[in-house]
Amino acid sequence: MSFIGEAALSAFLELLSGKFVDSLLNFVANHRQVHQQLKQWQSILPEIKAVLNHAEEKQIKDEGVKIWLDDLQDLAYDVDDILDEFAYQQLRLKLQKTQAQASTSKVQKLIPTCCTGANFSPTSFMFYTKTISKIKDITDKLNSATAKGKKPRLQPTSLMDGTVEYVGRANEKQEMLELLKSNNSDGVCVLSIVGMGGMGKTTLAQLVYNDTSIKECFDHKAWVCVSDDFDAVNITKTILKSIDAGSHDDNDFNLLQVKLKEKLSGKRFLLVLDDIWNESYTDWTILRAPFGAGTKIIVTTRLEKVSSNVDSVKAFKLDKLSHHDCLSIFAQHALKARNFDGHLRFKELGENIVRRCNGLPLAAKALGSLLRTVKDDSEWEKVYESEIWDLPEDPCGLIPALRLSYHYLPPHLKRCFAYCSIFPKDYEFEEEQIILLWRAEGFLQAKAKCQAKGLGNQYFQDLVSRSFFQISSKDKSCFMMHDLMNDLAQLVAGEICCKLEEDKQPKFSHRCPYSSYVFNGRCHSVKKFEAFYGMTFLRTFLPLIPPQIHMAFGLTNVVLDDLLPRLRYLRVLSLCGYVIYDLPDFFENLKHLRYLNLSRTPICPELQSHTLLLRNFSELNNLPSKIGNLVNLHFLDIRGADSMEKMPSGFDQLIKLQTLSDFVVGEGDGHLIRELKNLSNFRGNFRLSGLENVNGQDAREAKLNEKLGIDVLELRWGTYLKNNTRKKEVEERVKQLIIANYGGAKFSTWIGNPSFQNLSSLKLRNCKNCKSLPSVGRLPLLKDLSIFGFDQVQKIGVEFFGENELNPFASLEILSFVSLPNWKEWDSCEGDEKVLKSPNLHKLSINACPQLLGRLPTHVSSLQILEIDGCRSLVVSISSFPTLCELSIRGCAEVVDDRSSPANEVSSLQTLSLSNISKFNIPADRIMLRFGNSEHFRIVGWEELASLSQHGLSFVGHRFITIEYCPQLHSLETEEAKLQPDKISHVESLVIGGCDRLNRLPKFLLELTFLTVMKIYHCLGLVSFAGNNLPPNLKKLHILGCTNLEYLVDEIEDNKSMSSTLCLLEDLKIEWCGSLMSLSLKGHKNICNQLQCLQITHCLKLSCLFSNIMFPITLKHLKIDGCPELEYIAEEFEETACLESIRIESSGIKSLPRRLDKLFHLQEIRLRKCSNLVSFEESELLSINLRAFSADGCGNVGALPKCMVSITSLRHLCVFDCSADILFPSEGFPANLTSLEISNAPKIYRSLVEWGLNRLTSLQHLVIGGGGCSNVNLEFMFSGGFQDLASLQELMIDNCPKLTSLPEKDMLLCLDVLHIFNCPLLKEECSSDKGREWSKISHIPCVRIDGKVVIPRQSD
């Protein structure tokens, strides 16, 4: 039952009343009974609306009123459906009239003339006959509802809204900052913020997280909103993506944690975990495993137990704000002032209202936002006296102040906000997405013609200003709802909105009109949609794809063939992201459909909808030929449909069209551009493609200059076509203009006309035949200018700036030239002070202009970023740009310093990258002045560089140093390092690669006390990394492809101090070092005494890992791959060992160290291609935390430990291609397995059949096959073994040549994916034409047989 009351009805009924236009009543005029009933509706609806104005607050305490409102709500939907059907019939007859001539058959002449009117047809006659009984029934219910609704007469109340600045927590913020910046913690430092909902926990965390001083103290930051779904895998993924946006999307939790540990090694890291509800200490310890010293974590939670579990250094328990602070928040949002000094008449009422906020900042914010535009003090008094204050708090913690802020929203906003309850907590949405949904559901009833999009923007921004929506902290282009606002939306929506969420039992009402579900898994099976079968009145069917997911999903055909045909009242239907090749015929019967999203699907329909989304449909060549029939189309999005060849005729009929992402003019169809003439409602972004097919007269007839709503315009010609067509009629109010593939030799003068008062961005791309650039220097507000792919341009001069222009490029901030292969001269007219100043230019980029001669302009005093790439003839003078912060030169003739600036000037340069420079002409005494402060120092591809001191370069002053592909470089020693060792100590990261002649690293490495990360690769001359020790604070070391490296540490002398020196190395990775024999020549333990991650791969001579020592107790992750000479890792594990994962592949290991059973933290063992490995000792795997065990290609392993069945934590078990006689313990299988893979293990397979596969009730992933999977055993198992596998999602059957049948269909209803390999008889039976097994698999979303996709079936 909903709390929405008047919100869902008053505004709704107003919309319904608006549908009784003259055209509708005239349409039914010939049908007397229908006309009379609809006229009666027209008079009843306003009466009900008047009653509603008094009913909503009463419903909160009066159960009878609630029931009445819910019944009325259902009735309103019935009215809307009937009116929609009339509108559909009206449109259908209109289209039939224009498409076909009236029949003149003799039969029709026999029909009375009263039945041959414009609105009569056999179909319409049947429609009215069926509809009249429904209409009469609704009329009776409307009359009854009016009589009941007039009984409750309540005193009207009203409320205010609010927004708030964060005040009152300055002390907490300062203390948190001090703790975060301190270095007094050896391990992970956790601070927790605890308090009830709406207390400001997240805001305090945001203030600390975004403080400028924090940025300087941490290398990485990440913010994760945890909420009530504590998914450690997704949390770890989010953290990884925050640190490295290019990280791959992996679901292997161990691999994710190892990657995260590697990324954070030696780094200072700040992590915020917002809104934690999970009270499991075990889950917390697993999640925090990758974090070490240098990591600071802020946790926000409502639960004190959570704060205790995370071992907070300090818990900040937020109490209620003082009355003074709450009053300040309220005043700022209600009055835009910090207090009531200038608004004394509101002061007493404001103070009374704030007292009722009970010290909660979110409540003060919401109420302040509510009252922002209310200037009548009587309205303030109504808010204060509202009955809603007297209600107890809801179980979800929703406070009366927030319900009150909703209660006094305008009716139209109430309905829009309540609809948003279909989105789960923390879901990010775009403004356009929400507006399109609102419009499809009829929430936007424009007062004037074709203004729904603008009205939607207004509604959305109103809800933003009242704090119902807020900008996402992750993506500033998206929005989200605060958790409490989401709770509020669910409360007020009640049963009218529902969402299917993973691991939550759905509670759907059969009358529920709006629903959503979140994408999870790769495919969606029948079971997922069972809850929708009773929802026959559904209007919104909306799958929600998380923004980080870009893959395509499989969908069971049952949804298309059985479920959706039942949902005949749908307004909104999205199948975005599903692999679907055909739409069933029933789609033509979706009369009410207004929004269809088929983005990222390979189909294109012909349907009567207002919104058609075909985004990223790369195979789409053409739109429907009868697109002109879609007369109600408002929004057509084909962005990413790059194969589109041409537009069909008929766009001139789409006069309601507001958004068209692209209009493609095909060859010979230039005249079709004239069809844009009457489409006057265009707004937003618009691309016009194929302009080589358009002549000037056709272009003028399109009247683009009259499309006042276009902000971004892109004009695109076909690639490399010579055509001088110039589009002159362009709206001068456009803000961004893109011109691509223009084929003329010269641009028209309109492009640089200063009448483009709003143009801020101009991009000219691939205009291959243009010999000169347009005079764009006269554009007064141009900020971003990009020139790309001008093959014929040889000189840029005064024509570019504008002749006689006194102040060219007055607003320009970013200027980019890319791929001008014949550009030789840049005449910047520096002799004329009136010509070139560019006072605001802060970024200049020149890329792939190999013939550009001379020097860059020097009168650019504001330049901060300079990028030069592939300009081998250009001379770059760094003294010309005194404010430069970033300098990147990748290929130029010469770098000079002409000594024009004072000798004592210190450069502001922070990032320096030098590569492929023919001549470096900067005196050594000027190097430190120019480059000494750059934190990032990078040299790449400098072929002549033999040593750093050769050019006065050094490590001094830099924090992050990279030196790569300098083939002559043989020494990194510098004079500064010898004379001023203290000045080089701030280096934190050092990367050296591709320097073949470098045979030793500098001696001063041991002086780099801040160095924490090093990577050395492809330095073929290196024999050892260090002499007697490693840099003192080095934490992460990666060595790759140093083929002559024999030892990591090669002690020339017996240095006793080495054994006593603490080595802090935590992460060591050595790859493709074919000469490596051991980590240390003399086996000193100290290089491993802090090691946590060790990975050694493809080191063919490695024979000793930990010589004469016990296994390092700090090591958490061990990976050995491709080391055939390595037979033993260590003798045994120590009881205190921290090891969590062991991965050994293609190595000579004969046995694992003893005492595996003492590894209480061990979670994973994966063994692959270890042919020398024989067996495990008894009880060796008894670990309470072991989650994954895999033995693949270990041909001599004959038995698994008997204790396997006792490992209740085991989730993943894989036995592939081991000994043919390998046995599984007779005690049985671990009962909690979620993934089981068995191949070529006949005795294990037989044990599984006898023990009972159906006992693995949590199993989600099953692979069976290979030798021993006999036809008899498999079919015996299939007959009953699958009956209790309700969680099974993926099944793979491999190499079972005699298998002919599968389990029954009802045992496979949850299955998302089925793979069948090398099963020829079963393959034949699964044929869609004549196979007996086809009926068992046809409902599965994704089926592959021998690698070929069988389901979904592609169109012929």
Side-chain angles (χ1 to χ4, degrees), residues 163 166 202-203 205-211 214-215 218 220-227 229 231 233-249 260 263 269-275 298 300 417 420-438 456-457 459-486 489 499 516 518-520 542-551 574 576-577 597 599-600 613 615-616 637 639-640 659 661 684-685 711-712 735-736 761 784:
T163 52
Y166 196 79
T202 298
T203 308
Q206 288 173 334
L207 287 171
V208 173
Y209 184 81
N210 294 304
D211 191 86
I214 286 294
K215 182 178 180 181
F218 292 92
H220 298 297
K221 298 192 302 179
W223 182 291
V224 182
C225 183
V226 180
S227 196
D229 181 17
D231 187 329
V233 175
N234 285 333
I235 294 171
T236 307
K237 283 183 184 179
T238 303
I239 297 172
L240 266 174
K241 286 192 176 292
S242 298
I243 297 171
D244 180 7
S247 63
H248 297 294
D249 197 3
L260 180 57
K263 296 290 184 184
F269 177 52
L270 175 62
L271 171 64
V272 175
L273 297 174
D274 186 36
D275 195 22
I298 299 175
T300 73
F417 172 69
C420 293
S421 67
I422 63 175
F423 299 114
K425 289 183 178 179
D426 304 322
Y427 182 80
E428 296 180 345
F429 47 82
E430 296 178 349
E431 179 176 0
E432 181 180 81
Q433 173 191 6
I434 301 301
I435 293 171
L436 293 176
L437 293 173
W438 286 346
N457 292 124
Y459 285 8
F460 191 93
Q461 291 304 321
D462 281 349
L463 288 171
V464 171
S465 68
R466 298 167 188 263
S467 303
F468 287 88
F469 299 154
Q470 62 189 40
I471 297 175
S472 168
S473 58
K474 301 175 186 176
D475 184 350
K476 299 302 181 184
S477 66
C478 292
F479 296 81
M480 59 189 302
M481 289 189 286
H482 186 281
D483 281 359
L484 286 182
M485 288 299 182
N486 193 287
K499 49 184 177 284
S516 69
V518 179
F519 271 70
N520 64 297
L542 187 66
L544 301 173
I545 306 177
Q548 69 272 18
I549 294 180
H550 304 286
M551 61 184 291
S574 174
C576 173
N597 189 350
S599 299
R600 294 163 52 184
L613 302 177
R615 191 182 300 183
N616 297 321
D637 187 353
R639 282 175 287 180
T659 299
S661 57
N685 300 2
D711 295 324
V712 179
K735 297 176 182 178
Q736 297 182 43
S761 175
D784 186 352

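Just so you know, residue 1 is the first one in the sequence shown, and it goes up from there. Here the structure is a predicted model, which is why all the values come from computation and not from measurement.
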Would a 4.5 Å heavy-atom cut-off, applied to side chains only, mark [X] and [Y] as touching?
{"X": "Phe269", "Y": "Ile243", "answer": "yes"}
{"X": "Asp275", "Y": "Thr202", "answer": "no"}
{"X": "Phe468", "Y": "Cys420", "answer": "no"}

[atom1] of [X] to [atom2] of [Y]: how many Å apart, nearest 0.5 Å?
{"X": "Lys425", "Y": "His482", "atom1": "NZ", "atom2": "NE2", "result": "9.5 Å"}
{"X": "Ile239", "Y": "Lys263", "atom1": "CD1", "atom2": "NZ", "result": "14.0 Å"}
{"X": "Leu270", "Y": "Trp223", "atom1": "CG", "atom2": "CH2", "result": "9.5 Å"}
{"X": "Ser761", "Y": "Asp784", "atom1": "OG", "atom2": "CG", "result": "4.5 Å"}
{"X": "Phe479", "Y": "Phe423", "atom1": "CZ", "atom2": "CZ", "result": "13.0 Å"}
{"X": "Thr659", "Y": "Asn685", "atom1": "OG1", "atom2": "CG", "result": "9.0 Å"}

Can you check whether Met481's main-chain N or O pairs, donor with acceptor, with Tyr427's side chain at less than 3.5 Å? no

So, using side-chain hydrogen bond (donor to acceptor under 3.5 Å, both in side chains) as the criterion, who are the partners of Ser421 when residues are at least two apart? none

Heavy-atom pair of closest approach, residues [X] and [Y]:
{"X": "Ile422", "Y": "Lys499", "result": "O-CD, 3.6 Å"}
{"X": "Ile298", "Y": "Ala205", "result": "CG2-CB, 4.3 Å"}
{"X": "Asn210", "Y": "Lys221", "result": "CA-NZ, 4.4 Å"}
{"X": "Pro543", "Y": "Ser574", "result": "CD-O, 3.1 Å"}
{"X": "Glu428", "Y": "Ser472", "result": "OE2-OG, 2.7 Å"}
{"X": "Trp438", "Y": "Phe460", "result": "CZ3-N, 3.8 Å"}

